[in-house]
Amino acid sequence: MLPEILVRDHTVYACVMGSRAFGLATDGSDTDRRGVFVAPTPLFWRFDKPPTHVEGPAEEQFGWELERFCELALRANPNILECLHSPLVEYVDDTGRELLALRGAFLSRRAHETFTRYALGQRKKLEADVRTHGAPRWKHAMHLLRLLMSSRDLLRTGALSIDVGDRREPLLAVKRGEVPWPEVESWMNRLAAEADEASRHSPLPEEPDRARVEAFLVRVRRASALQPDAYDEVVQGVVHGRGIG
């Protein structure tokens with residue numbers, strides 16, 4: 001099937017995300033793998049386009065096609081931006097290295113809005129759990145605190161770092177349910193207020209460097225179109241009826 005071929009043969013960047021990348025892993029933590037693949041350019045000339053993302057083929061694995069990944073990163077999608085900054089890189093080729101070199105081009109003050117919107121959505125879910133069950137899902141509370149810290153620090157410094165460092169133990173105490181919910185709420189409120197303040201003086205540009213990212217994408221598409229051997233297996237898979245789904 002085409003999705004598996006794209007992930008297997010056309011991945012340009014692969015990393016580990018989740019608790020292991022955040023410095024919050026414990027003995028029972030999953031290994032969440034994320035990646036970026038480049039669909040051969042001729043596949044876009046067909047009526048049936050290649051997938052924008054692929055779940056799998058392994059468990060806890062997810063990948064995006066390069067163009068979709070860049071679109072989401074330019075919108076300051078928190079999950080995508082953090083993927084670009086994982087300290088646990090498992091694979092990267094020349095195209096992947098170019099992508100990583102563009103990390104700064106994706107960062108902008110848009111991150112305040114997108115991180116805040118995502119955090120508010122997660123906060124509402126936690127509050128619903130408290131109303132219904134008397135307590136939140138503590139693991140989710142921990143990860144929301146981590147996200148709020150990441151957002152605040154990004155806006156303050158202009159750089160995104162996802163490893164929690166010496167904040168590991170206080171955050172794991174939240175995961176274990178050792179911190180009362182009112183204290184967690186207060187912590188969340190403080191982090192959100194600090195992010196709001198940081199956004200007013202952030203060194204980040206107002207907008208990402210879309211032109212620079214687009215120039216990179218065009219180069220990748222052009223190079224792919226000029227290398228027919230690189231997509232023979234994929235095209236043959238479609239021609240012989242295996243489809244793209």
Side-chain angles (χ1 to χ4, degrees), residues 1-18 21 31-86 88-108 110-111 114 117-118 207-245:
M1 298 293 285
L2 178 59
E4 293 185 8
I5 293 173
L6 290 172
V7 173
R8 184 190 69 206
D9 298 340
H10 298 274
T11 289
V12 298
Y13 172 64
C15 66
V16 172
M17 285 300 298
T31 300
D32 301 318
R33 289 185 164 85
R34 300 291 180 264
V36 181
F37 60 87
V38 175
T41 299
L43 290 181
F44 292 93
W45 302 339
R46 307 177 62 87
F47 288 123
D48 293 325
K49 305 303 180 187
T52 59
H53 61 271
V54 174
E55 187 170 351
E59 291 186 10
E60 309 298 337
Q61 183 180 10
F62 193 95
W64 296 269
E65 206 284 322
L66 178 65
E67 184 172 341
R68 179 59 173 166
F69 186 88
C70 289
E71 287 176 345
L72 292 172
L74 286 169
R75 296 177 195 170
N77 178 288
N79 292 324
I80 299 294
L81 290 182
E82 291 189 332
C83 185
L84 276 173
H85 292 79
S86 173
L88 303 178
V89 175
E90 292 194 316
Y91 175 79
V92 62
D93 66 5
D94 288 344
T95 300
R97 278 185 278 273
E98 281 194 71
L99 176 63
L100 292 180
L102 285 171
R103 283 183 291 201
F106 294 109
L107 297 178
S108 72
R110 285 187 182 183
T114 56
R117 185 167 61 244
Y118 182 82
E207 298 291 334
D209 193 341
R210 182 182 177 89
R212 186 179 166 201
V213 175
E214 187 171 60
F216 161 68
L217 179 63
V218 170
R219 287 199 308 274
V220 172
R221 294 285 191 240
R222 182 180 293 118
S224 173
L226 295 175
Q227 297 180 12
D229 291 343
Y231 61 79
D232 278 349
E233 181 182 0
V234 178
V235 173
Q236 288 301 314
V238 175
V239 169
H240 285 91
R242 294 202 293 272
I244 69 170

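Note that the coordinates shown come from a computational prediction; the quantities given were computed from them, not determined experimentally.
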Can you name the nearest heavy-atom pair linking Cys83 to Trp64, along with the distance?
SG-CZ3, 4.3 Å
Answer yes when Glu207 and Arg212 have at least one side-chain N-carboxylate O distance shorter than 4.0 Å, and no when they do not.
no
Among residues at least two apart in sequence or on other chains, which ones pass ring-ring contact (aromatic ring centres under 6.0 Å, His included) with Phe216?
none
Nearest 0.5 Å, please: how far is SG in Cys15 from CD in Glu82?
10.5 Å
For the CG atom of Leu6 and the CG atom of Leu43, what is their distance to the nearest 0.5 Å?
6.5 Å
Counterpart residues, salt bridge (Lys or Arg N to Asp or Glu O under 4.0 Å), relative to Glu98 (two or more places apart)
Arg219
What residues form a salt bridge (Lys or Arg N to Asp or Glu O under 4.0 Å) with Glu59, not counting sequence neighbours?
none
All heavy atoms of Ala21 vs all of Met17, minimum pair found to be CB-CA, 3.7 Å
Can any side-chain N or O of Ser224 pair as donor or acceptor with the backbone N or O of Thr41 at less than 3.5 Å?
yes
Side-chain donor-acceptor contacts of residues 68-78 below 3.5 Å, not counting sequence neighbours, with atom names and distances?
| unit_1 | atom_1 | unit_2 | atom_2 | d |
| --- | --- | --- | --- | --- |
| Asn77 | OD1 | Asn79 | N | 3.0 |
| Asn77 | OD1 | Ile80 | N | 3.1 |

Non-neighbouring partners of Arg97 that pass salt bridge (Lys or Arg N to Asp or Glu O under 4.0 Å), sequence neighbours left out
Asp94
Can you tell me how far the CZ atom of Arg34 sits from the OG atom of Ser86, to the nearest 0.5 Å?
10.5 Å
The criterion is salt bridge (Lys or Arg N to Asp or Glu O under 4.0 Å); which residues satisfy it with Glu90, sequence neighbours excluded?
Arg33
On a heavy-atom basis, which atom in Phe44 and which in Lys49 lie closest, and how many Å separate them?
O-NZ, 2.5 Å
Does Asp32 form a side-chain contact (heavy atoms from CB on, under 4.5 Å) with Phe62? I'd like the steps, not just the answer.
CA-CA 8 Å; Asp32 301 318; Phe62 193 95; over 6 Å; no
Test log, rule side-chain contact (heavy atoms from CB on, under 4.5 Å), inputs Arg221 and Val38
CA-CA 8 Å; Arg221 294 285 191 240; Val38 175; 4.1 Å; yes
Check whether any side-chain N or O of Arg103 sits under 3.5 Å from a backbone N or O of Leu84 as a donor-acceptor pair, and report yes or no.
yes
What residues, two or more places apart in sequence or in another chain, satisfy side-chain contact (heavy atoms from CB on, under 4.5 Å) together with Thr11?
Val7, Ala14, Phe37, Tyr91
Rounding to 0.5 Å, atoms CG (Asp209) and CG (Leu107) come to a distance of 11.0 Å
Side chain to side chain donor-acceptor pair (under 3.5 Å) partners of Thr31, counting only residues at least two apart
Arg20
